[in-house]
Structure formats: structure tokens, C-alpha cells
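Just so it is clear, the values below take in all heavy atoms, side chains as well, and ignore hydrogens, waters and symmetry mates. This chain uses plain numbering: 1 for the first residue, then up along the sequence.
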Amino acid sequence: MSMRSTIARPTPRLPAADTTDAWAHLLPYLDDEPNADVLARWQAWMDAPLNLNTTTADQLMQLPGLTLRQALRIVSYRGEHGPFERVDELQRVPELSGVTYRMIAPFVQVRQHESDASRSAGSAWWRANWQMRGLLRAGRRIEQARGYTGETSVPYLGSPYRSVLRLRAWNDNFDTGLTTDKRPGEPLEWDPGARQYGADHLIGYVQMQNRGRLRQLVIGSYQAAFGHGLALWTGTRFTSAYGTPHVLIRQGSGLRPYRGTNPHTYFRGVGATVRIMPQVDATAFVSHRNRDATLDTLQQGAVVARSLRSTSLRRTTTERQYRRVLPTTHVGGHVQWSSPRLRVGLLGLYAQFAHPLLPEPRPDTRFQFAGRWTTHWSLAAHYAPTARLTLVGEGALTGLQGRTAVLGLHADMGRGATLTVRGYAGNRHYDPLDLGGLDGASIAGTQGAEARLALTVHPHWTLYGALRQTHTRVPQFRTTRPETATRASASIHYDPHERLHVRLQGQWRTHDQRVSVTRPYGPTVPQHRSRIQHKARLHMRYAFTNTLRLSARTAWTQVQLYDGPETGTLLWIETDYAPRSWVSANMRWTLFGTDGFESRLFAYEPDVRYGFSVPALFEHGQRAHALIGVDLTQALHLEAKYSVMAFTNRDTIGQGRAQIQSSRVRNWRVQLRWTL
């Protein structure tokens with residue numbers, strides 16, 4: 001997730017750091033459909049910045065705007081010159097530009113009154129410099145869906161409220177946390193027999209790190225990401241059509257505790273990383289947990305798993321019958337050799353399932369994994385021969401025949417120009433748990449190439465361009481033949497001074513689509529047609545003062561379908577206002593209109609800390625929200641959000657049990673965070 005030089009000048013900083021200032025720093029790097037895990041990690045670092053004097057290069061690498069070579073330079077500089085005394089000393093690190101420094105500064109810190117004695121005192125290392133944070137969130141949709149009103153034969157088992165509780169305590173060597181999430185419609189109950197203790201989603205972890213040769217030991221819930229991600233990547237996956245060239249070069253962060261609310265993207269067990277030699281780290285981990293799956297009984301009485309369920313909702317008796325019915329075990333290891341210029345890692349992973357996986361026979365499942373166990377192997381390298389050139393590559397073997405590979409290079413060509421080129425290919429799909437992939441998707445049966453360019457043509461003007469083409473040889477869901485897809489995008493950023501930011505973006509996409517065509521006096525037959533989509537948007541932001549900022553965006557899309565084009569447009573105006581250092585507000589009004597669902601538009605909107613909102617806007621209507629943040633005390637912060645979306649051409653919203661008999665839908669949520 002490297003996003004260097006996305007803006008040429010620092011973003012205006014508003015006094016209230018929670019609701020407005022944080023988003024002012026993050027939003028330039030987000031697309032209309034950002035990744036929730038990316039946001040959660042960035043926000044966590046704003047709440048609890050990384051300690052520059054104890055953070056490893058792998059951890060630093062995850063900061064926005066920082067490359068692996070720069071992260072290694074920071075660690076090397078710390079070893080040569082001693083601990084950092086101030087964050088601004090980062091500007092003395094070779095190869096770290098002023099733009100990169102401004103991007104990572106909000107996410108790092110140097111502890112005040114931190115001394116070598118306090119860090120090395122053996123009797124107090126485990127209890128020094130503890131910090132504690134907590135979060136409690138509650139909210140609901142005001143309008144009642146049919147699943148709550150008793151109008152369906154299979155109603156929701158729980159209330160429409162959602163509640164989230166997060167607790168975390170940590171210092172430089174210890175970290176422990178607990179997360180519980182009760183989602184709308186799910187029951188809140190104490191049922192040890194069903195392994196539910198309150199909310200359906202309950203996870204926790206304990207981590208120890210940076211103790212001699214022991215780099216890390218985590219027990220409980222954790223994620224794992226190694227290499228470029230082909231064989232194992234359960235952590236953050238980020239991609240954007242308008243992102244900078246750096247987003248194509250990934251380097252796994254290894255093991256890290258999991259604090260999120262997605263019930264499928266983590267392991268549960270124990271993992272450790274040990275420094276065997278000054279340049280060699282070894283990681284071993286084991287996980288055992290039950291996954292949601294669709295089970296079936298064959299004629300011989302054998303039980304098989306037809307598919308793994310990716311949906312996380314368990315609101316009805318039907319949905320709960322798939323809940324945690326497939327025990328899975330993972331055992332893996334990783335060895336990595338590092339130097340300032342070269343990093344090489346070897347990964348091995350073994351997965352076993354209590355019941356064999358046997359997908360339903362369809363064209364898109366022809367090459368999918370079937371069996372009770374599988375293995376993943378990969379060899380990844382990251383080489384920076386010069387300060388301006390980085391080469392990456394990874395080859396992975398999944399199962400007995402599945403092979404994937406990726407090669408890429410990133411070049412700083414000087415005078416504000418950077419280029420990244422990446423190519424990849426995979427043959428079959430032997431990744432039943434979707435542990436690996438590229439940019440959040442499997443590349444099984446796919447080959448493709450992508451190039452991205454950033455060019456600073458003037459101190460106030462920056463151009464970004466991207467071109468991607470893929471060819472999928474294996475039929476996908478609802479298709480019966482190979483598919484070719486192309487995406488081209490361009491973005492122009494104009495920053496004449498600190499208060500004004502303007503960007504114009506456009507995108508063109510095409511891929512094959514299977515449609516059903518009804519012929520006169522004949523049956524309905526499937527056909528493949530090209531689906532072409534054009535997008536354009538203009539975004540402007542102006543800070544009138546240090547406490548008042550105004551933003552506006554207009555967006556347009558057109559989708560060429562087999563029966564004609566669909567068009568969609570939107571316009572939104574947003575205000576950030578922080579009249580005092582202890583209070584801030586964000587408000588937005590959106591007007592949208594589309595010809596149908598295929599021409600829908602997405603507009604990411606600010607939310608409470610660690611919240612996430614990317615509403616899909618389609619048909620005709622308006623949407624508005626207000627987000628208020630107040631510091632009640634130095635340790636307590638309160639946030640509240642209210643949103644409403646109203647349609648002008650419909651009387652019902654949603655379908656099935658989620659259907660609402662109304663032309664509008666309203667939501668509210670309140671969140672309290674405290675620091676000790």
C-alpha cells in the first residue's frame with residue numbers, strides 16, 4: 001500500500017483531529033469503493049501511532065507512501081544514529097522525501113520522556129508505558145424491514161440494532177485486544193453449546209513483540225500476509241483505478257493481530273516470528289477454526305462441503321444452519337532473508353478440512369479444488385538495485401497443479417515521473433479458502449498485465465494514468481466461455497496552493513457478459529456481449545479558513561448493455577467545520593439519478609471512527625448525512641451520525657426479508673471512545 005506523491009502539497013489540517021482532520025489526510029488516497037480494512041488500519045495508527053524507536057521495517061512498510069527500501073533505511077538510520085528524539089528527524093533519513101515525510105508523520109510518534117533505561121529495565125519491561133483504549137458503538141436503521149415485523153415465515157432472530165465493542169491495551173512489547181460485534185438481525189445470546197457468548201462475532205488476541213530474538217508472538221485471532229500475496233494474504237487488499245503506481249508493489253507484513261469485524265479473513269491459533277540470524281527471520285503458525293459452509297450428504301452417506309460461504313450474516317434459522325460447520329486446520333511457515341537491497345522469502349502452508357470439498361458441477365467450478373487437504377508454496381523476492389529501481393516477483397504452487405506467478409518493476413525516472421509495470425498469470429484454482437490472490441481476487445486461470453504512470457508536469461499539476469488488461473481462460477460464474485477485460489483510467493490533480501485541490505478523473509472498462517436473449521417463437525438462449533462502461537468525475541475542495549472547508553463532486557457513468565445504454569449521474573456538496581478544537585462537523589447532500597441498477601454510482605462518505613459507509617446510489621433520489629464529533633473530556637470522545645436516503649420513483653426499498661415499505665431509509669449511530 002504505497003501511495004507516494006499522491007498530492008504535491010500537504011493537506012490543510014483542521015484543529016479537530018477526529019472527524020475532519022483525519023479524513024482530510026486520508027481521503028485523497030481513497031477510491032469510491034475503498035477497503036474497510038485499509039481504513040481501519042489507518043485510523044488505528046492515527047489513534048495509536050507507531051513508535052519509531054521500536055517499529056520493524058515490515059510494520060513501517062504498511063504506512064501510506066513508504067516503500068520497503070525507505071522502511072529499511074529508517075531502521076538502518078536508527079541503528080547507526082541511535083533512537084529518534086523527534087518525528088521530524090525522519091527528514092534526515094536518506095531517500096525519504098519531504099512529500100513522503102508529510103504522508104507518514106500522522107501515523108508515527110516518538111514517546112516523550114522515553115529513555116534507554118526505561119526500555120531496558122528487565123523488571124519493568126512488561127508493565128511500562130501502557131496505553132488503553134475502548135470503543136462502544138450502537139446504531140440501527142429506523143425503518144423496519146419485513147424480517148423484523150413478522151411478515152415472513154422465517155423472521156430475523158435478533159433486533160435491528162448493531163453494537164460493536166472494542167477494547168485494547170498495549171505498550172512497546174505487549175498488545176492485547178477484544179472485539180465483539182452484534183450485527184442487525186443477529187441474536188444476542190449466551191449459548192456455550194453453539195459456541196456463542198453474547199454477540200455472534202467475538203475475537204481476541206494477546207501479542208508479545210521485540211524481546212531479544214523473539215520478534216513476535218501472537219495468540220488468538222491474527223492475519224498473515226507474505227510476499228506479493230499469491231499464496232497467502234489474509235490482510236489488507238487495496239486497489240484503486242486511480243491509485244498511484246506504488247499500489248502495484250506489495251510486500252507482506254507477516255503476522256499481525258486481527259481486530260476487525262469480518263468473521264472470515266483471519267486465523268485463530270498461535271504464530272511466532274524469531275530472528276535466527278541478523279538477516280534471517282523465521283515464522284511459524286498454526287490455526288484451527290470452524291468455517292461457514294454448505295454441507296451435503298451423498299448417496300453413500302458421506303458428508304461433503306459444496307461451498308464455503310463468504311457472507312457473514314447469521315440472522316435466521318436458515319442462515320445459522322451454515323454457521324461454523326466445517327472445521328479447518330492450517331499449519332504454515334515462512335523464512336525470510338533480508339538485506340538493504342534484497343529480500344527473499346519462502347512460504348509453505350498446509351490446509352486440512354473435516355469434510356471433503358466437492359463443488360457443484362458447473363462450468364465455473366470445473367477447475368476448482370476438490371478434496372480434503374491442499375498445500376500452498378511460494379518463493380518471493382523484492383530487489384532494489386538502486387534508489388530509483390525496484391524489482392519484485394513471486395511464484396506460487398497451490399495444490400498439486402495450480403501455478404501462479406507475478407513479476408513487476410517500479411522505476412523513479414526523475415523530474416516527478418514514476419512508472420510501475422506488472423504482469424501475472426495463473427492456471428488452475430486450488431485456493432478453496434481464497435487465502436491468496438492479487439488485489440483482492442484470485443488470478444486462477446487468468447493472465448494479465450498492468451502499467452501505471454505518475455507525472456508531475458508542473459509544481460501544481462500531476463498526471464496519473466493506468467492501463468490494465470486481463471484474459472480469463474476458465475469460465476467464471478454465469479459465463480460459459482473465456483473472458484477478456486480491459487480498464488484504462490486517467491487522473492489530473494491540480495494543487496495551486498494549500499487551500500485548493502482539484503482533480504478530474506476518467507475511466508473506461510470493457511468485459512464480456514453473458515445475457516439471456518428471448519427469440520420470437522423460440523426458447524431463451526444465452527449469448528455473450530461486450531459490456532462497456534465509461535466513468536468521469538470532477539472533484540474540488542477548498543479550505544476557506546483553518547476551520548471551514550467545502551468540497552463538491554459531480555460524477556457520470558454510462559454502461560452499454562445488450563438492450564441499450566444506461567446512464568447515471570450524481571452531485572454532492574460537503575462541508576467540514578471545526579469551530580472549536582473540541583468539536584467538529586461533516587455534512588453532505590447528494591443528488592443522484594440513474595437509468596437502472598447497472599449504472600449505479602458509489603460515493604464513499606465519512607463515518608464514525610472505524611465505521612464504514614459506501615452507499616450504492618441508483619434510480620432517482622437524494623441522500624444526506626450529518627456527522628458530529630465532540631471531545632467530552634480529554635479522555636472521552638463522542639461521535640454521532642444521522643443519514644437519510646429518499647427515492648422519488650419507488651415506494652419500497654430492498655427485497656425479501658430486507659424489504660422496507662417506504663420511499664426513504666434513515667440510519668443513525670452513536671459511538672463513544674475513551675483513552676486511559
Side-chain angles (χ1 to χ4, degrees), residues 10-30 34 39-40 42-49 102 105-107 109 131-140 142 162-168 498-501 539-553 572-590 603-615 623-645 666-676:
T11 304
R13 304 294 300 267
L14 299 184
D18 266 324
T19 305
T20 53
D21 182 39
W23 294 118
H25 190 81
L26 297 178
L27 283 177
Y29 317 115
L30 300 177
L39 293 180
W42 286 359
Q43 292 172 326
W45 285 334
M46 283 191 164
D47 276 344
R102 288 192 294 270
F107 304 109
Q109 68 174 346
Q131 301 180 65
M132 288 177 281
R133 292 184 185 271
L135 176 150
L136 179 61
R137 180 194 310 153
R140 60 161 290 176
I142 296 177
R162 180 173 188 178
S163 59
V164 177
L165 174 66
R166 289 187 178 186
L167 301 173
R168 184 188 177 195
E498 293 184 353
R499 295 189 180 277
L500 177 63
H501 172 76
H539 183 94
M540 296 178 287
R541 183 180 68 244
Y542 184 77
F544 293 92
T545 67
N546 289 334
T547 62
L548 177 62
R549 181 173 60 243
L550 181 67
S551 304
R553 174 183 294 183
W572 61 249
I573 300 175
E574 180 176 299
T575 301
D576 290 294
Y577 183 49
R580 296 289 186 272
S581 61
W582 50 270
V583 61
S584 60
N586 173 274
M587 293 172 285
R588 180 189 293 182
W589 170 78
T590 305
Y604 172 76
E605 62 184 33
D607 212 321
V608 298
R609 184 65 60 93
Y610 303 112
F612 192 66
S613 180
V614 187
R623 180 177 175 87
H625 81 261
L627 173 63
I628 309 296
V630 180
D631 290 328
L632 301 178
T633 67
Q634 188 175 0
L636 289 177
H637 182 77
L638 178 67
E639 291 175 291
K641 181 180 179 180
Y642 174 82
S643 64
V644 55
M645 183 158 59
R666 297 167 294 171
N667 292 272
W668 65 265
R669 62 178 63 181
V670 177
Q671 181 167 283
L672 181 67
R673 293 186 289 116
W674 62 92
T675 304
L676 301 176

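The OH atom of Tyr610 lies 10.0 Å from the CZ atom of Arg137; values are rounded to the nearest 0.5 Å. Atom CD1 of Ile142 is separated from atom CZ of Arg666 by 4.5 Å, given to the nearest 0.5 angstrom. Put simply, CG on Asn586 and OG1 on Thr575 are 8.0 Å apart, with the number rounded to the nearest 0.5 Å. If you take CH2 on Trp582 and CG on Leu632, they are separated by 9.5 Å, rounding to the nearest 0.5 Å. How far CG of Leu638 is from CH2 of Trp674: 12.0 Å, rounded to the nearest 0.5 Å. Interatomic distance, CG of Asp576 versus CZ of Phe544, reported as 12.0 Å (0.5 Å rounding).
Ring centroids of Trp572 and His539 are separated by less than 6.0 Å, placing the two rings close together.
When side chains are defined from C-beta on, Arg499 counts as touching Asn546, because their heavy atoms get closer than 4.5 Å. Looking at heavy atoms from C-beta onward, Ser643 lies out of side-chain contact with Arg669 at the 4.5 angstrom threshold.
Under 4.0 Å is where a charged nitrogen must lie from a carboxylate oxygen, and between Glu574 and Arg549 no such pair does.
Considering all non-hydrogen atoms of both residues, Leu627 and Asp607 come closest at CD2-O, 3.6 Å. Looking at every heavy atom in both residues, Asp631 comes nearest to Ser581 through OD2-O, 3.8 Å. Taking each heavy atom of Glu605 and Pro615 in turn, the nearest pair found is OE1-CG, 4.1 Å. The two residues Ala603 and Arg588 come nearest to each other via the heavy atoms O-NH1, 4.0 Å.
Arg140 meets the side-chain hydrogen bond (donor to acceptor under 3.5 Å, both in side chains) test with no other residue; sequence neighbours excluded. A search for side-chain contact (heavy atoms from CB on, under 4.5 Å) contacts involving Met132 returns Ala169, Leu676, not counting sequence neighbours.
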TODO: Carefully, step by step, assess His625 and Lys641 under the rule side-chain contact (heavy atoms from CB on, under 4.5 Å).
DONE: CA-CA 7 Å; His625 81 261; Lys641 181 180 179 180; 4.0 Å; yes
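A side-chain donor-acceptor contact under 3.5 Å links Gln671 to the backbone of Arg609. At least one donor-acceptor pair closer than 3.5 Å links the side chain of Gln109 to the backbone N or O of Pro49.
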